[in-house]
Amino acid sequence: MSEVKKNGEPLEDSQATVHKKEKHPPGLYLLFFTEMWERFSYYGMRGILTLYLTTAFISGGLGFDASSAAMIYGCFTGFVYFTPLIGGYLSDNYLGQRKAILIGGVTMAIGQFTLFSSQSRTALYIGLLLLILGNGFFKPNISNLVGQLYTKNDPRKDSAFTIFYMGINIGSFFAPLICGTLAENWMAVKEGGQVISYGYRYGFLAAAIGMIIGQLLFNALAQKYLGDIGKYPATKDKTGHVVENKPLTKKEKQRVTVIFILTAFCVFFWAAFEQAGTSLTIYTKDFINRNVGGFEIPVSWFQSLNPFFVVTLGPVFAALWVKLSKREKGDLTVPQKMGMALVLVAVGFLCMVGAVLQRGGAEDMTVKASVIWLIFTYFFHTVAELSLSPVGLSMVSKLSPPKLTSLLMGVWLSASFIANLVGGVIASKLDSFGHMQIFGGIAAVTFLLGLILLTVNKKLVKMME
Ligand code: GLU
């Protein structure tokens, strides 16, 4: 039944559409759950990877020394964000997003099974390579499908990507807990309370099963909830004839340039943010007082703080973007949101500076800083992440010319490729440069970049129009 005003007249078309458009299409939730399982698989295996690499062979690991393990971990977490450039290109031109997601998901499941199949370095390298390749097909295309559920400039897009992002983080919240517990506890072989051998392989098995659940769900329900979206490559029609072969217009080129500029700023954001797995973890282990009422919080648990904050704050942000978009002057602009994110990540690092100051440069390892500093750091980093990461996905889907959408999603993700490599180098200087210099330096650089972005906001917005 059509909607009517109180006086019985039908609502103006646009009003009725806006009203109906408040709800998100069910396809969003299919993509939400598919990505949730994929990220469960990714973060589950990533969470036990370093332990698997560094544990002695006889204890169920591969016996790498710490620096080789760090190198393998850094290259793996970097290169999973390089291949989306390739997967994005192939999807735009030959495959279409749905097929690319299937190829990616199956390749990653085989990769996880390979890790499970044998406790050997050969299986490790083959498994990691398959995961890197598979992610390249999967990651840019699933994000792109979210955007395709909406018209190009639908005001619900930022909110939709924020909801999708919560799926990512529900997966990454539970993954280390489940895969880690399997690997380190349930499947460990113990004798007299002593661990003889860990069950890392079973952690990888759980990751493989998660990936398969996601794929089954996606392929069984895609036709029902997505219809024809993502079935064909953006450049071709059903019959395989090229439909998008016009050169880019001046305006389109400007928009693509904005994607590159903002991606470049975000490299610095991610390099700072990714310190969570490296310098922040090392600092937490040695210098944060983790003792709460006689209980020592394990270092790895702090990794769940970020996904926890994403899931709890996500709904607030999803609603906020919709609310702001209804103001007369509209939502905040993308460069404003990202500029704020860079400033907030700096505020997070200032909290770490607070921790360093509290310890007062003491050599004594028994002098610890309060855990509150760290909690605030992760809080600010998550607020920053929510203003940048889902917003970036949404921005790419709005600004990309149709024939380049998946490739440009790959470009956006490649910021994490460079950031993981750069972030690793920064973290490796923690001891030689000192904590104050590293945390303070990161805060200063990201703060400055945030201010620059806020300053050039108008210019970028003009290019985006
Ligand atoms: N936490 C995000 C994810 O796993 C990061 C994505 C990115 O680096 O852009 O999807």
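In listed order, ligands and their atoms are each counted from 1.
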Check: With a 4.0 Å cut-off on heavy atoms, is Glu35 touching ligand 1?
Finding: no
Checklist line | Lys459 and Lys462, any side-chain heavy atoms less than 4.5 Å apart | finding: no
Notebook entry, point to check: Among Leu85, Val256, Leu404, whose side-chain contact (heavy atoms from CB on, under 4.5 Å) with Val411 holds?
Noted result: Leu85
Margin query: Using a 4.0 Å cut-off to any heavy atom of Ile168, which atoms of ligand 1 qualify?
Written below: 3 (C), 4 (O), 10 (O)
Checklist line | Heavy-atom side-chain contact between Leu226 and Leu31 under 4.5 Å | finding: yes
Next item on the list: Just need the protein heavy atom nearest to atom 4 (O) of ligand 1, so name the residue and atom and give the distance.
Entry: Tyr43 OH, 2.6 Å
Next item on the list: May I ask you to identify, for Tyr165, whether its side chain, its backbone, both or neither come under 4.0 Å of ligand 1 on a heavy-atom basis?
Entry: side chain
Checklist line | For Leu413, the ligand 1 atoms whose distance to one of its heavy atoms is below 4.0 Å | finding: 9 (O)
Note to self: So, 4.0 Å and heavy atoms of Tyr81: is ligand 1 close enough to count as a contact?
What the structure shows: yes
Notebook entry, point to check: Looking only at N/O atoms, are Trp270 and ligand 1 under 3.5 Å apart anywhere?
Noted result: no
Note to self: To the nearest 0.5 Å, what is the distance between CZ on Phe308 and CG on Leu313?
What the structure shows: 8.5 Å
Checklist line | Qualifying residues under side chain to side chain contact (heavy atoms under 4.5 Å, CB included), relative to Lys231, sequence neighbours excluded | finding: Arg98, Gln223, Asp228
Margin query: Counting C-beta onward and ignoring hydrogens, is there a side-chain heavy-atom pair between Gln215 and Trp37 closer than 4.5 Å?
Written below: no
Check: Backbone or side chain, does any N or O of Lys139 fall under 3.5 Å from an N or O of ligand 1?
Finding: yes
Checklist line | Test applied, side-chain contact (heavy atoms from CB on, under 4.5 Å); reference residue, Leu131; option that passes from Thr114, Leu115, Thr107, Thr83 | finding: Leu115
Checklist line | For atom 7 (C) of ligand 1, closest protein heavy-atom neighbour | finding: Ser416 OG, 3.5 Å
Margin query: Using a 4.0 Å heavy-atom cut-off, which part of Asn169 comes near ligand 1: side chain, backbone, both, or neither?
Written below: neither
